[in-house]
Number of protein chains: 2
Amino acid sequence: MEDGKLTYMRTERRDAAKNRQRILDTALMLFEQHGVEQVSMNQIAIEAGIGPGTLYRRYRNKGELCLDLIKDNVVLLFEDIDMYFEQNQSEPPSLRLKGILSLFIRFRENKAQLLKGVEDSEVTNRKKSRSPLYDELNQIIVNLFNEINAEKESQKNSVFQADMLLTVLKSDSYLFQREIRGYTPEEILEQICEIFIS
Amino acid sequence: MEDGKLTYMRTERRDAAKNRQRILDTALMLFEQHGVEQVSMNQIAIEAGIGPGTLYRRYRNKGELCLDLIKDNVVLLFEDIDMYFEQNQSEPPSLRLKGILSLFIRFRENKAQLLKGVEDSEVTNRKKSRSPLYDELNQIIVNLFNEINAEKESQKNSVFQADMLLTVLKSDSYLFQREIRGYTPEEILEQICEIFIS
DNA sequence: TTGACAAACGGAGACATCTCCATTTAATAT
DNA sequence: ATATTAAATGGAGATGTCTCCGTTTGTCAA
């Protein structure tokens with residue numbers, strides 16, 4: 001039957017589900033123990049007692065694995081953002097932008113290593129499009145810039161501004177400011193706002 | 001003798017010099033033929049008729065090799081910048097900043113692939129400090145921002161602003177705008193100036 | 001049950017980066 | 001010339017990513 005077939009296609013095989021969980025648990029453990037960067041896909045496969053092929057069948061690279069590990073937090077982030085918007089509808093767009101940047105920075109601080117894992121493998125694997133996380137954030141920021149720029153004639157810049165803002169918030173840049181320049185998250189937020197919200 | 005010893009230490013052995021040139025020639029040829037990304041260090045070593053160890057002895061990674069291949073152009077870039085400054089001393093700093101950004105973008109367009117090669121391996125190899133190229137550029141830009149911010153009380157932001165400006169001009173960001181968003185170099189320059197010179 | 005089938009598996013192996021170190025070799029001093 | 005010596009060499013191999021494909025194994029229908 002159509003139904004049966006569809007259901008079959010959709011449901012995860014029991015052994016697969018077991019392995020999925022095993023991978024997730026193992027990765028989380030190894031990441032916590034040695035740090036995300038130090039742990040190889042091989043190590044995870046071996047420790048999880050599966051073949052490398054099995055691991056790569058599910059996650060095309062370490063980044064996807066990292067992303068799966070923070071998926072819940074990503075959902076929470078966007079819920080927070082939605083909530084923030086609901087509670088601050090009447091605020092000016094520049095302030096709302098700062099608000100959601102603050103939320104994002106908090107998220108980034110919480111999941112620094114895993115987020116870096118995600119982004120690192122995105123650049124390694126030459127993805128043309130950003131991850132869904134960044135696409136969705138980008139959309140939100142573009143909308144806010146559109147509001148901000150509504151006064152001026154130049155609507156077209158919003159996309160560019162949003163791209164630049166997200167570029168500057170990527171791991172490489174953010175962690176450089178954090179670790180080498182020694183700025184606090186709050187200072188970074190302030191400085192970025194000064195540049196991008198003028 | 002001291003002199004002899006010093007000279008000995010300094011001069012490159014003839015076979016080494018020969019290999020160096022052989023590597024450079026081979027790399028340039030392979031890069032032009034297949035594109036920088038597609039060519040591995042192994043390939044270069046084999047094609048140059050040397051062992052991988054020899055290649056890595058001279059260049060710790062592909063990025064250093066790429067950097068060596070554009071070294072002359074980097075020198076030219078900074079000469080251009082110096083010349084520009086001499087001829088535009090009396091212009092306002094914001095305009096001078098735009099001028100040197102324009103020079104840098106031209107350089108980046110000329111040596112896009114190799115510059116990408118340099119930057120890619122910098123992120124891969126977790127360098128804490130930027131390459132000398134970026135350090136020097138950074139210094140120049142900081143100085144310009146200091147002039148620009150001289151009017152305002154906030155001198156301290158110049159370092160941050162310069163960092164962000166260079167972040168946004170890195171290969172990943174720049175090529176994304178260039179190839180995916182479809183902006184021209186001139187458009188990118190204009191947009192960046194709008195954001196950073198306000 | 002059982003048969004069929006697609007999904008899941010696992011490990012060999014292709015390639016890449018990079019290190020280590022026994023051996024070679026060019027430049028200098030004698 | 002020859003000995004000395006430190007730089008240079010090269011290739012084996014450690015480690016990592018990722019693919020390919022023959023084999024196994026759940027799942028569903030009959």
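Because the structure is predicted, anything quoted here is derived from the model rather than measured.
Under a 3.5 Å cut-off, the side chain of B/N149 and the backbone N or O of B/F145 do form a donor-acceptor pair. For the pair A/S173 (side chain) and A/L169 (backbone), a donor-acceptor distance under 3.5 Å is absent.
Residues B/E187 and B/R178 are not paired through a salt bridge, judged by the lack of any N-O separation under 4.0 Å between the basic side chain and the carboxylate. Between B/K170 and A/D172 there is no salt bridge, since no side-chain N of the basic residue sits under 4.0 Å from a carboxylate O of the acidic one. Salt bridge status for A/R58 with A/E64: absent, with no side-chain N to carboxylate O gap under 4.0 Å.
Nearest nucleotide to the A/R14 side chain, out of C/dA8, D/dT27, C/dA16: D/dT27. Checking D/dT9, C/dG10, C/dA7 against the side-chain heavy atoms of B/R57 singles out D/dT9 as nearest. Side-chain proximity of B/Y56 to D/dA12, C/dT17, C/dA8: nearest is C/dT17. Among the nucleotides D/dC18, C/dA7, C/dA16, the one closest to the side chain of B/S40 is C/dA16.
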Below 3.5 Å between N/O atoms, which protein atoms pair up with nucleotides 20-25 of chain C? Just atom names and distances, please.
from	atom 1	to	atom 2	distance (Å)
C/dT25	O2	B/R13	NH1	3.3

Requested in this report: Decide yes or no on side-chain contact (heavy atoms from CB on, under 4.5 Å) for A/E47 and A/M29, but give the supporting numbers first.
Outcome: CA-CA 10 Å; A/E47 193 78 17; A/M29 190 195 73; 4.1 Å; yes
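The distance between atom OH of B/Y59 and atom C1' of D/dT9, rounded to the nearest whole Å, is 16 Å. The nearest whole Å value for the distance from the CD1 atom in A/I50 to the P atom in D/dT24 is 19 Å. One interatomic measurement links the two molecules: CZ of B/R22 to P of D/dA8, which rounds to 17 Å at whole-angstrom precision. Atoms CD1 (B/I44) and C1' (D/dG10) sit 17 Å apart, rounded to a whole Å. Here the P atom of nucleotide D/dA14 and the CD atom of A/Q43 are 17 Å apart, to the nearest Å. The distance from atom CD of B/E37 to atom C1' of C/dT17 is 16 Å, rounded to the nearest whole Å. As rounded to whole Å, 13 Å separates atom C1' of D/dG13 from atom CG of B/N42. As a whole-Å value, the separation of B/L55 CG from C/dT17 C1' is 11 Å.
Using cut-offs of 30° and 60° on the angle between ring planes, the pair A/F160 and B/Y183 is perpendicular.
Between B/N19 and D/dA8 there is no side-chain polar atom (N or O) within less than 4.0 angstrom of OP1 or OP2.
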